[in-house]
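For reference, positions follow the sequence shown, starting with 1. Atoms within a ligand are numbered from 1 in the order they appear, just like the ligands themselves.
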Amino acid sequence: MTLRQQNGQFNTLLNNEWVESGSGETIKIYSPDDHALTGEVPALSQEEVDTAIRSTAAVQENWEASEGHERSQLLHRWADELEKMTAEIGLMIHKEVGKTLSSAEGEVKRTAELIRHTAEEGLRTHGSFIQGDAFPGASKSTKAMVQKVPHGVVLAVSPFNYPVNLAASKIAPALITGNTVVFKPATQGAVSGLLMVEALVKAGLPEGVLNVVTGRGSVIGDFAVTHPKVDMITFTGGTDTGKHIAGKASMIPVVLELGGKDPAIVLEDADLDKAAKEIVSGAFSYSGQRCTAIKRVMVMDNVADELLQKVQELVKGLKVGKSSEDASVTPMIDQKSAEYVLSLIDDARNKGAVIVEEGLQEKNLLGPTLLDHVTEDMEVAWEEQFGPVLPFMRIANELEAVDLEKRNAYGLQASIFTKNLENAFAIADKLNVGTVQVNGKTSRGPDHFPFLGVKNSGQGVQGIGRSIDSMLRDKVLVLNL
Ligand SMILES: NC(=O)C1=CN([C@@H]2O[C@H](COP(=O)(O)OP(=O)(O)OC[C@H]3O[C@@H](n4cnc5c(N)ncnc54)[C@H](OP(=O)(O)O)[C@@H]3O)[C@@H](O)[C@H]2O)C=CC1
Ligand SMILES: O=C(O)[C@H](O)COP(=O)(O)O
């Protein structure tokens with residue numbers, strides 16, 4: 001069988017064979033843009049997930065024994081094949097998760113670059129050599145060779161918002177380091193994930209080194225996470241799901257990249273034009289459905305009106321519509337997510353927030369909404385909206401911003417806008433987040449920078465080099481001469 005069936009259904013990958021589920025059950029995926037049927041993927045049973053995981057584990061030893069430079073070449077070929085499929089995969093991302101075509105194709109190209117960089121960086125991983133004499137009682141005749149070895153079977157679970165990039169950013173570091181992979185794509189985005197895997201098969205993936213398990217996370221997720229043959233989990237998605245997984249997993253490494261509530265802190269000496277531009281792009285790209293989206297603005301009261309006016313002008317210029325119309329703000333992934341955003345707006349309105357700009361509300365298509373005078377009693381001040389609404393909280397001084405941020409349950413990133421770099425560094429030191437951006441929006445890239453969240457935003461570190469590190473453990477061989 002092939003990946004694509006004639007009736008428009010897609011198969012999943014088991015030992016380099018494209019297969020359907022034994023029951024014939026599928027999950028239908030509808031476009032958030034126009035609700036048209038985009039594809040159907042197999043709904044695997046737990047028994048089928050068990051087979052996939054055990055088949056992956058069965059080839060671990062061989063894959064681990066393969067040469068690093070061969071694994072690197074496989075990744076280079078994967079990047080090439082992926083690039084050749086840019087138009088097809090881009091179109092599928094566009095349909096499945098409602099990104100514009102250019103942004104969807106951009107995701108594919110970014111992914112090819114990420115894989116190539118991983119293929120290179122992976123060649124440079126090495127262990128270390130330690131002599132015993134630094135510790136009393138031991139001597140130079142005791143020597144440790146600290147090798148870096150893979151964990152084994154890595155379960156890679158990705159979210160809907162970057163169905164290709166956030167999958168490959170787990171799969172590529174796992175493969176280059178000699179781990180095998182069980183890939184569980186987000187259901188909304190699963191076809192894009194399967195197409196990305198097709199590129200890997202074309203590149204020469206050895207049988208069983210990566211298997212794909214499609215199906216609802218609520219049905220097969222716990223089974224996969226607790227499977228005794230899974231040796232490591234790498235997950236991106238919602239904080240609730242991530243915490244649930246961390247609670248379920250047994251004594252294996254778990255890397256989590258979760259939600260965020262990234263603030264943009266705007267001080268009175270900031271370049272307000274630049275800040276406004278970065279804030280609008282940071283908050284409303286892909287309709288705010290990014291973990292690194294700017295999700296609240298803390299602005300000094302004496303420049304708040306001016307900043308808001310500039311932000312509002314830019315927001316009025318954003319085209320709101322379908323992703324097929326190449327709009328800037330496009331329909332949210334589903335109706336439930338849109339309703340959640342509307343509930344946050346209502347809560348803020350009822351508690352006295354000023355609606356500076358109210359976006360269109362048409363089913364799951366929400367235009368950008370700007371809320372001013374947002375106060376601490378409003379849910380939108382703290383909850384992750386994951387949608388196109390941006391709260392402005394006015395502050396009297398920068399200590400208030402630090403205080404608000406200290407009470408943030410999330411800790412992904414923060415932006416500080418100011419011309420005073422010394423001040424920016426001083427504030428940055430006080431923020432308990434993974435990354436502080438000075439005079440720029442919060443964002444993950446470039447992809448070789450470390451990327452991490454603290455508190456409810458995650459555990460462990462990603463970004464190409466660190467993701468590779470996360471896929472390896474020490475194994476010590478001691479020579480007693
Ligand atoms: N930090 C980030 O990068 C992101 C954060 N989010 C946050 O998550 C929310 C929902 O987005 P979504 O993508 O649906 O995130 P989810 O956390 O719901 O899903 C992420 C992935 O986990 C899978 N999953 C669900 N339950 C389990 C389980 N018990 N065990 C293992 N895997 C499971 C999902 O599968 P399935 O799709 O089949 O349910 C999907 O592949 C957003 O509103 C936002 O708050 C979302 C995307 C990215
Ligand atoms: O999960 C997310 O939303 C992404 O990691 C954010 O990536 P970006 O900053 O490149 O959009």
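Close N/O approach between G238 and ligand 1 is found [any backbone or side-chain N/O within under 3.5 Å]. Considering backbone and side-chain N/O atoms, R216 never comes within less than 3.5 Å of an N/O atom of ligand 1. Every N/O-N/O distance between L166 and ligand 1 stays at or above 3.5 Å. At a 3.5 angstrom cut-off on N or O pairs, D222 counts as close to ligand 1. Here's the thing with N161: none of its N/O atoms is less than 3.5 angstrom from an N/O atom of ligand 1.
Contacts of T187 with ligand 1, taken as heavy-atom pairs under 4.0 Å, involve both backbone and side chain. Contact annotation for A224 and ligand 1: no heavy atom of the residue comes within less than 4.0 Å of the ligand. Heavy atoms of F160 found under 4.0 angstrom from ligand 1 belong to the backbone as well as the side chain. Residue-level proximity to ligand 1 for H244 is carried by the side chain, the only part with a heavy atom below 4.0 angstrom. No part of S337 comes within 4.0 Å of ligand 1, judged by heavy-atom distances. Of all the heavy atoms of L258, the ones lying under 4.0 Å from any atom of ligand 1 belong exclusively to the backbone.
Nearest heavy atom pair, residue E107 against residue V164, reads OE2-N, 2.9 Å.
S467 OG to K170 NZ: the interatomic distance, rounded to the nearest 0.5 Å, is 7.5 Å. Taking CG from L175 and CH2 from W78, the interatomic distance works out to 6.5 Å, rounded to the nearest 0.5 Å. Atoms CG and NZ, on L370 and K316 in that order, are 9.0 Å from each other to the nearest 0.5 Å.
Numbered from 1 in the order shown, with element, the atoms of ligand 1 that lie under 4.0 Å from a heavy atom of T236 read 2 (C), 3 (O), 20 (C). Near E384, with a cut-off below 4.0 Å to any heavy atom, the atoms of ligand 1 are 44 (C), 45 (O). Near G217, the atoms of ligand 1 lying under 4.0 angstrom from a non-hydrogen atom of the residue are 24 (N), 25 (C), 26 (N), 27 (C), 28 (C), 29 (N), 33 (C), 35 (O), 36 (P), 38 (O), 39 (O). Numbered from 1 in the order shown, with element, the atoms of ligand 1 that lie under 4.0 Å from a heavy atom of E257 read 1 (N), 2 (C), 3 (O). The distance from ligand 1 to the heavy atoms of V157 drops below 4.0 Å at these ligand atoms: 21 (C), 22 (O), 23 (C), 32 (N), 41 (O). Listed by number with element, the atoms of ligand 1 under 4.0 Å from a non-hydrogen atom of K184 are 35 (O), 36 (P), 38 (O), 41 (O). Residue-ligand proximity, P159 to ligand 1, at heavy-atom distances under 4.0 Å covers atoms 13 (O), 47 (C), 48 (C). Within ligand 1, the atoms closer than 4.0 Å to a non-hydrogen atom of G215 are 38 (O), numbered from 1 in the order shown.
The one candidate from V280, V320, V329 that meets the side-chain contact (heavy atoms from CB on, under 4.5 Å) condition with V315 is V280. The salt bridge (charged side-chain N to carboxylate O under 4.0 Å, His left out) with E405 is formed by just one residue from the set K295, K261, R296; it is R296.
Of the listed residues (T241, V97, D334), the one carrying the non-hydrogen atom nearest atom 16 (P) of ligand 1 is T241.
Remark: side-chain polar atoms of T100 are not paired, donor with acceptor, to backbone N or O of S323 under 3.5 angstrom. Under the 3.5 Å distance criterion, the side-chain polar atoms of S415 are matched with a main-chain donor or acceptor of T442. Without hydrogens or angle criteria, E257 side chain to C291 main chain gives no donor-acceptor distance under 3.5 Å.
Between the side chains of D33 and S31, not a single donor N or O lies within less than 3.5 Å of an accepting N or O. Side-chain contact of E83 with T86: a donor-acceptor pair under 3.5 Å is absent, judged by distance alone. Side-chain N/O atoms of E96 and S192 include a donor and acceptor closer than 3.5 Å. Using modelled atom types, one finds no donor on one side chain facing an acceptor on the other under 3.5 Å when comparing H94 with E105. Judged by distance alone, the side chains of N456 and T239 never bring a donor and an acceptor atom under 3.5 Å apart.
With a 6.0 Å cutoff to the six-membered ring centre and a 45° limit on the axis angle, K99 counts as a cation-pi contact of Y286. In this structure, R290 fails the cation-pi test against Y162, since its NZ or CZ atom is not both closer than 6.0 Å to the six-membered ring centre and inside 45 degrees of the ring normal.
The neighbour count for K277 NZ, taken as heavy atoms of other residues, nucleotides or ligands under 6.0 Å away, does not exceed 12.
For atom 4 (C) of ligand 1, the nearest protein heavy atom is under 4.0 Å away. In this structure, atom 19 (O) of ligand 1 is not in close contact with the protein, since no protein heavy atom lies within 4.0 Å of it.
Ligand 1 lies less than 4.0 angstrom from a heavy atom belonging to P185. Contact between Y340 and ligand 1 is absent, with no heavy atom of the residue lying under 4.0 Å from the ligand.
The list of ring pair (Phe, Tyr, Trp, His ring centres under 6.0 Å) pairs with a residue in residues 432-460, not counting sequence neighbours, reads H117-H448.
The protein heavy atom nearest to atom 41 (O) of ligand 1 is S158 O, 2.8 Å.
At a 4.0 Å heavy-atom cut-off, the residues surrounding ligand 2 are R110, N161, Y162, L166, E257, R290, C291, T292, S443, R444, F451, listed by chain and number.
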